[in-house]
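Inspection log for the structure reproduced underneath, given as C-alpha cells.
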2 protein chains.
Amino acid sequence: MVSIKDIAKKAGVSISTVSYALNGSDKVTDETSSKILAAAKELNYVPNAAARSLKKRESKIIGAFLTDFKGDVYGELLGGMKEVCNAQGYDLIVCSGKQSHRMLPEKMIDGAIILDQTFTSEELVRYADRNSKIVVLDRELGHPNINQVLLDNKAGATLATEYLVDKGYKKIYVVTGPDGSFDSMQRMKAVKLVADRNEDMEWIEIAGDFMKSGGERAADQIRREYTQPVGVFCLNDEMAIGLCDRLSDTELQIGKHVHLIGFDNIELARYMQPRLATIDYSKRKWGALAAEQLLKIIAGDKVENERIYVSLVDGDSVTRSAHSHTHE
Amino acid sequence: MVSIKDIAKKAGVSISTVSYALNGSDKVTDETSSKILAAAKELNYVPNAAARSLKKRESKIIGAFLTDFKGDVYGELLGGMKEVCNAQGYDLIVCSGKQSHRMLPEKMIDGAIILDQTFTSEELVRYADRNSKIVVLDRELGHPNINQVLLDNKAGATLATEYLVDKGYKKIYVVTGPDGSFDSMQRMKAVKLVADRNEDMEWIEIAGDFMKSGGERAADQIRREYTQPVGVFCLNDEMAIGLCDRLSDTELQIGKHVHLIGFDNIELARYMQPRLATIDYSKRKWGALAAEQLLKIIAGDKVENERIYVSLVDGDSVTRSAHSHTHE
DNA sequence: TTGTAGGCGTTATCAG
DNA sequence: CTGATAACGCCTACAA
C-alpha cells in the first residue's frame with residue numbers, strides 16, 4: 001500500500017506538506033504542490049478510508065437499513081436518498097440484517113435511515129444516546145438525534161376506506177400488516193375512525209403480514225364467509241396481489257364480488273387485471289426528504305418532523321355496488 | 001467516545017490486556033477477563049471500526065455494486081449474497097453510482113461484486129492490480145484477483161430463439177440491450193447461431209436499452225412493419241413489458257399477432273396477460289455463488305469461473321403459428 | 001512555506 | 001499471564 005509517506009519520499013518533502021497539498025491547502029507553493037500531486041499520481045496513491053475516518057471521526061457515508069432487499073418500494077426510495085446524499089458529498093450504502101447494525105455504533109457510517117422493524121426502538125435510542133444520527137421512516141421516536149419522516153398513513157387509510165364506503169360497501173374486510181408494524185397500526189386507527197363515522201359500516205379485521213401469503217390467507221377466509229359483494233382494504237399492495245392470486249381460480253371475481261384496494265401503488269398494481277385501486281405517494285421524495293433531514297442533523301441544524309402526502313389511485317378492482325343508493 | 005483505554009483505566013489493567021480479553025484470547029485469566037468485560041459493558045464500549053480496519057487491514061465487509069437500486073432482479077440476488085457473506089462473518093453493503101467506487105481502492109471493503117456497466121473494465125483491472133478482490137457478473141475479465149460468475153446467456157438465448165422458431169415463426173425481431181452490454185452481446189451471438197442453422201429464418205435487430213422505453217420503441221417499429229404474425233425476442237423482460245404496454249391499445253395482440261419471449265423471468269412476467277414466456281434462472285443462486293467465489297479469492301483459495309444455468313418458461317405470449325407445419 | 005511531532009483506537013510484538 | 005510500546009495512515013497544531 002502506498003501512503004503519503006511514500007509520496008513524501010518521492011517528492012522530497014515531509015508528509016505534512018504532502019497532506020496539505022493533497023487536501024488543497026493554500027499553505028503550499030503551487031510548485032511543490034504540483035510536484036507532490038505528480039508523485040501521487042505516479043505512485044497510484046489512494047487515500048486510506050480507515051485512517052481518514054479514524055482521524056477525522058467521520059466517514060462521509062450514510063447507511064440505509066432495510067428489512068430485506070426485495071420489495072418494489074425500495075428502488076425509488078433509495079434513488080431519492082442517493083441523489084441527496086451525493087449532492088452533498090456523501091455516499092449511500094444499503095444494509096440489511098441484524099448483523100450489519102454494528103456499522104452505526106462503530107461509526108463506520110455517519111448516520112442511518114431506518115426502514116426496518118427488526119431494528120428495535122430501544123436499540124436505536126441507545127445508539128442515539130451515544131450520538132449516532134438517525135432518521136426513522138417506520139416509527140415515532142422522540143430524541144434529539146432522531147428525526148422521523150413518515151407517510152401520511154392516516155390520510156391514506158381514510159381515503160381508501162371511504163372509497164369503499166362511497167362505492168356502496170357496508171361490509172369491509174381490512175387485512176393488516178404484521179404485529180408491531182407502525183404503518184399497519186396507524187392505518188388501522190384511521191379505518192376505525194371512518195367506521196365510527198359510518199354507523200352502518202361493518203368491518204372485519206384479518207391479521208396479515210404485508211406479504212403475499214397474508215393476502216392469500218385473507219382470500220381463503222373471505223371466500224368461506226362470502227354471501228354478497230364486499231369491500232376489502234389490504235394495508236399494502238403486496239397482500240392485495242396475493243389475495244388476487246388466490247381468488248383468481250375461484251368463482252369470486254375482483255371488482256365484481258370482491259372490491260379491493262391496496263396501499264403503496266407498487267409497479268405491479270397497474271398490471272393487475274383489473275387494475276388495483278390503491279394509495280399512492282412519491283417514494284423518491286420520501287427517500288430524498290429522509291436523506292435531507294439526516295444530513296441536517298449531522299450538520300447540527302434543527303429539523304422538524306416531516307410528512308409525506310398521499311393520494312388515491314382509481315382502479316377497476318373496485319366498482320360501484322349494484323345495491324348502493326346513488327345520492328346525486 | 002469510550003475506548004479500550006477507558007476500560008483499562010476502569011478495570012485497573014493495561015490496554016493490551018483489555019484488547020486480549022475483548023478478543024477472547026486465552027492468554028488472560030478468566031477472572032481479569034470477566035472484570036474487563038464487565039467494565040466494557042458498563043461503559044457501553046463499542047469498538048471503533050476505522051481503528052480496527054486500519055490496523056488489521058480488513059473490514060469484513062463486501063460491497064455489491066449495482067447500476068441502480070431499481071430492478072426486480074436485485075432482491076433475490078442480493079439475498080443470496082448476503083446469506084453467504086453473513087455465514088462467513090462478513091457484512092454486505094450495496095452501493096450504486098460512480099461516486100461510491102472509491103470504497104474499493106480505499107479499502108473500505110474487502111472485496112466487490114460488480115453488476116454495473118458504469119464500472120469500466122479498465123478501472124476494475126486497475127484496482128485488481130493493486131490487490132482489490134473482485135467478482136464480476138457482467139463481463140469477462142482475465143486477472144488473478146478477478147473471477148466471473150456469468151449467466152449461461154448462450155443457452156438462454158438459444159432456447160428462446162428456437163422456441164419461436166419451433167412455434168412456426170420465420171420472421172423474428174430481436175430487441176437488444178444497450179451498447180456495450182455483455183449480456184446483450186452474448187445473447188445476440190446465440191441468436192445469430194440459431195439463425196445460421198435455420199436457413200428460412202429471417203431476423204431483424206432492433207436496438208434497445210434493457211428498459212421499458214426500448215420495448216416501447218420496438219413496438220412502434222414492429223407495428224409499422226406488420227404484415228403477418230411475427231416472433232419477438234426481447235433480450236430482457238422489462239423491454240418485453242414495455243412492448244406489451246405500448247401494443248395494448250393497438251390492434252396487435254400479444255400471443256396472436258406478436259409472439260413474445262423475454263429473458264429474466266421477473267416477477268411481473270407471470271402477471272402479464274397473457275403470461276410472458278421467458279428465460280428463468282435462480283437469482284439467489286447467482287448471488288450466492290458470486291459471494292462464495294469472492295470470499296474464496298479473499299481467503300487466497302483458487303477458484304474456477306462459474307456459470308449459472310437457465311431454463312425456459314412457457315407462456316401464452318407465444319402460441320403456435322396457424323401456418324406452421326406440425327411435424328408430429 | 002515547510003517540517004516536527006503527537007495522537008485518533010486498535011492490534012501485536014516482545015519483555016517481564 | 002500481563003504490561004509497555006510500536007505501528008497502521010492520516011491530519012493538524014505548533015515550531016522553524
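Every chain is numbered from 1 and lettered A, B, ... according to where its sequence line falls, protein lines coming before strand lines.
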When rounded to the nearest 0.5 angstrom, what distance separates CG in A:Leu78 from NZ in A:Lys283?
13.0 Å
Main-chain N/O of A:Pro178 paired to A:Ser181 side chain as donor or acceptor, under 3.5 Å
no
Is there side-chain contact between B:Leu137 and B:Ile113, with at least one heavy-atom pair below 4.5 Å?
yes
Any chance you could list the contact pattern along nucleotides 10-16 of chain D? Use B for base contacts, S for sugar-phosphate-only contacts and - for none, protein heavy atoms under 4.0 Å, 5' to 3'.
BBBB---
Heavy-atom check, side chain of A:Met103 versus side chain of B:Ile61, under 4.5 Å
yes
Which atom pairs, donor and acceptor, lie under 3.5 Å between side-chain atoms of residues 44-56 of chain A and protein residues at least two apart or in another chain?
| from | atom 1 | to | atom 2 | distance (Å) |
| --- | --- | --- | --- | --- |
| A:Asn48 | OD1 | A:Ala50 | N | 2.8 |
| A:Asn48 | OD1 | A:Ala51 | N | 2.9 |
| A:Ser53 | OG | A:Ala49 | O | 3.1 |

5'-most contact on DNA chain D: B:Thr29 or B:Leu54, nearest heavy atom basis?
B:Thr29
B:Met1 CE - C:dG9 P separation (whole Å)
7 Å
Could you tell me whether the side chain of A:Asp264 and the main chain of A:Ile266 form a donor-acceptor pair under 3.5 Å?
no
Contacts of A:Asp91 meeting salt bridge (charged side-chain N to carboxylate O under 4.0 Å, His left out) (sequence neighbours excluded), chain-then-number -> B:Arg102
Just by modelled atom types, is the B:Phe210 backbone N or O under 3.5 Å from a matching donor or acceptor in the B:Asn236 side chain?
yes
Do any of residues 98-106 of chain A sit with a heavy atom less than 4.0 Å from DNA chain D, and if so which?
none
Between B:Ile134 and B:Leu104, is a side-chain contact (heavy atoms from CB on, under 4.5 Å) present by the stated rule, with each step listed?
CA-CA 9 Å; B:Ile134 301 170; B:Leu104 187 51; 3.9 Å; yes
Could you tell me whether the phosphate oxygens of C:dT11, OP1 or OP2, come under 4.0 Å of any side-chain nitrogen or oxygen in B:Arg57?
no
Residues in salt bridge (charged side-chain N to carboxylate O under 4.0 Å, His left out) with A:Glu83, at least two apart?
A:Arg284
Go through residues 30-42 of chain A and report each residue with a non-hydrogen atom lying under 4.0 Å from DNA chain C, sorted by number.
A:Thr32
